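Structure first, commentary second.
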Protein chains: 2
Amino acid sequence: MSRTTIADVAREAGVTKATVSHALSGNRPISEETRAKVLAAAEKLNWVPSQSARALATRRANAVAVVLARDPEVIANDSFFPAFIAGVESVLSETETALILQVVPDREAEERAYRALTHGRADGALLLDLRDDDWRVPFLDDLGLPTVLVGAYEQPTAFSCVRTDDAAPVREIIGHLRAAGHERIAHVSGPLDYVHSRARADAYIATMGDDALLREGDFTAASGRALTEELLALPQRPTAIVYSNDTMAIAGLSFARSQSLVIPDDLAISGFDDDHLSAHLSPALTSVSSDPAARGRAAARLLRADILGAHPRTEIVDCNVVHFRESTAAPSTASPTVSRRTP
Amino acid sequence: MSRTTIADVAREAGVTKATVSHALSGNRPISEETRAKVLAAAEKLNWVPSQSARALATRRANAVAVVLARDPEVIANDSFFPAFIAGVESVLSETETALILQVVPDREAEERAYRALTHGRADGALLLDLRDDDWRVPFLDDLGLPTVLVGAYEQPTAFSCVRTDDAAPVREIIGHLRAAGHERIAHVSGPLDYVHSRARADAYIATMGDDALLREGDFTAASGRALTEELLALPQRPTAIVYSNDTMAIAGLSFARSQSLVIPDDLAISGFDDDHLSAHLSPALTSVSSDPAARGRAAARLLRADILGAHPRTEIVDCNVVHFRESTAAPSTASPTVSRRTP
DNA sequence: GTGAAAGCGCTAACAG
DNA sequence: CTGTTAGCGCTTTCAC
């Protein structure tokens, strides 16, 4: 392992440890000459400062954390997460900051995880899957851990926040469906205590005027199927269903088909998240893409600023784009189109 | 932050720091009575040992790393990765071990990342996306970082390895296609320097007898489309194409359709990885599921053992299952079937 | 501009 | 069974 330490480098360069340290950090003026000597020695000995020693001395871990309290199966089927992480990483790597990922089974484990992280493992955290009145927000505030909320958290908070407008695409889809003559438009939401599910459902209710055709799912294929079955069994069945993710939409589409309904003639369908395969389904699925990587980048930048002591702020990353495809096309419509950016 | 230290707890409990340390670690016999006092004090002061101090003292980071040198877009569209990580985490969380994720743009950055990790950030690494003669293998060996290879690495190595049999499902699919009367069966592979692409392509060549209809793609939809176009333009076009992932298969399927070919009547198609939407396509896509979570768990367990000083060993996680669906069904075949485990 | 020395918070000999 | 004493490898005052 790391047998060579800063002392070896100092000896090799003929200076003291302090000089080596400063030559690398630039925290105090160093003559060009000695700096060169130090760098040469470091290079020669192939030395890299120990992160753990540095973390202890500076009280900074140079790492941020994402703790996920999700079922592994849900993680595996989520198209948002990997792209989000990729975005986060692209920013963190600029400053040699590591990303610590932790998946926990329950709340107790999650609290323990955050406590451990706070004490020397991470300098900040990214909070996903926000819920109304999320317990983690005051908890992390208490812990004093810099945190960025990803999602439209409504309660007052001192944390930075990356939001998107989830309502606009819902309004746009419903508008599109209505223009095509649809009146009985249903919505299959995600769990309504998630703020993003809630925002979409609220936009649906506001646009439709009531929640008679709203059904609460849980983002799994199973719930998409079950709720579609329920909706199609209504005396006045809906002619269109707006789903809160692609997985549920596909499951619903399959079920509707198994009942000999033709999509979109008998039933129009739209999803959310724009899974990379959705455009290739047949019929191609109308969905909302949301540039998770852009949101990851924004979140990472805000967190970095917060850790450095900046004032928390909210950034709106408006990247939701509705892709209208065959699953909502009127029978005559030929080629799929992409809408402009949602306003 | 962590203002309370082990000294505070020791004072509160009326013992020394060493006793506190051992009361928690169990590294030496402690009377039930003092242990209780210590735990009570720790609880009261809400103390959690500092990871960075512990890491420095024990020369162990209690973390393992995964470094990914991939394009963010590829990460976002990969169905293997999130499930694999979830599996890894399920094992790591048992021992409070953190997972450090790092995405790097190029080889230079990757080397730096591994160097930094070795020095106090991580105790081991998981290597994905293995290539023939992968430079990382000797490099990490040099660094002395315990490592587990995920994939069928063929060169001699002192590292532990989690392998699967990628050849068996390819043979099974080709056998199935031949039984259905197909003779001109093509293969669109991933980059052939990836060991898993290579293994699948080799199985294809061995089974077919030649590589006349083998085309090398890069796992992206664009390459799937382009190579399908190329294959379908042949004087004697193939009647079946075996793709090395679902993304390329779907892109190929879309293209074939745009040429008015009927799937599977005019062209049979199969994928790999069994994306969660693949079963819902129309026609449903024949694909190979490989339980990435199981492989993640196996890799994490091997790595933990290696870090503890166990002898490296190779574990075969045989979890590839071919799901025969409509895209390879003979026109008459009614319902999709699932094969037995590949032998 | 550089050196010397004192920690950061914990673990691990070594005593007793 | 418990206390004492050194460090782990770095950063950071404080002198010079």
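Residue numbers start from 1 in every chain, and the chains themselves are labelled A, B, ... in the order their sequence lines are given, proteins ahead of strands. On a predicted model such as this, the values are computed, not experimentally measured, just so you know.
Between its opening and closing five pairs, the helix from C:dG1-D:dC16 to C:dG16-D:dC1 changes axis direction by 30°, a value rounded to 10 degrees.
Every side-chain contact (heavy atoms from CB on, under 4.5 Å) that A:R301 has, sequence neighbours left out, goes to A:V91, A:R297, A:R304. Partners of A:E315 under the side chain to side chain donor-acceptor pair (under 3.5 Å) rule, at least two apart in sequence or in another chain, are A:R313. Here A:E12 pairs with A:A41, A:K44, A:L45 under the side-chain contact (heavy atoms from CB on, under 4.5 Å) rule; sequence neighbours left out.
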Exercise. Does the pair B:D8 and B:R11 meet the rule for a salt bridge (charged side-chain N to carboxylate O under 4.0 Å, His left out), with working shown?
Worked result: CA-CA 5 Å; B:D8 301 322; B:R11 197 175 317 114; 3.4 Å; yes
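For B:T16 and D:dG3, the shortest distance from a side-chain N or O to OP1 or OP2 is below 4.0 Å. The side chain of B:R59 places an N or O atom within less than 4.0 Å of a non-bridging phosphate oxygen (OP1 or OP2) of D:dG9.
Note on residues 124-143 of chain A: pairs passing ring pair (Phe, Tyr, Trp, His ring centres under 6.0 Å), not counting sequence neighbours, are A:W135-A:F139.
Out of C:dC10, C:dG3, D:dT2, the shortest distance to the side chain of B:K17 is found at C:dC10.
A heavy atom closer than 4.0 Å to some atom of DNA chain D occurs in B:R28, B:P29, B:I30, B:S31, B:T34, these being the qualifying members of residues 21-35 of chain B.
A side-chain donor from one of A:S160 and A:D306 sits under 3.5 Å from a side-chain acceptor of the other. A donor-acceptor contact closer than 3.5 angstrom links the side chains of B:N46 and A:R115.
For an aromatic pair to be called close, the ring centres must be under 6.0 Å apart, and A:F219 with A:H196 satisfies this.
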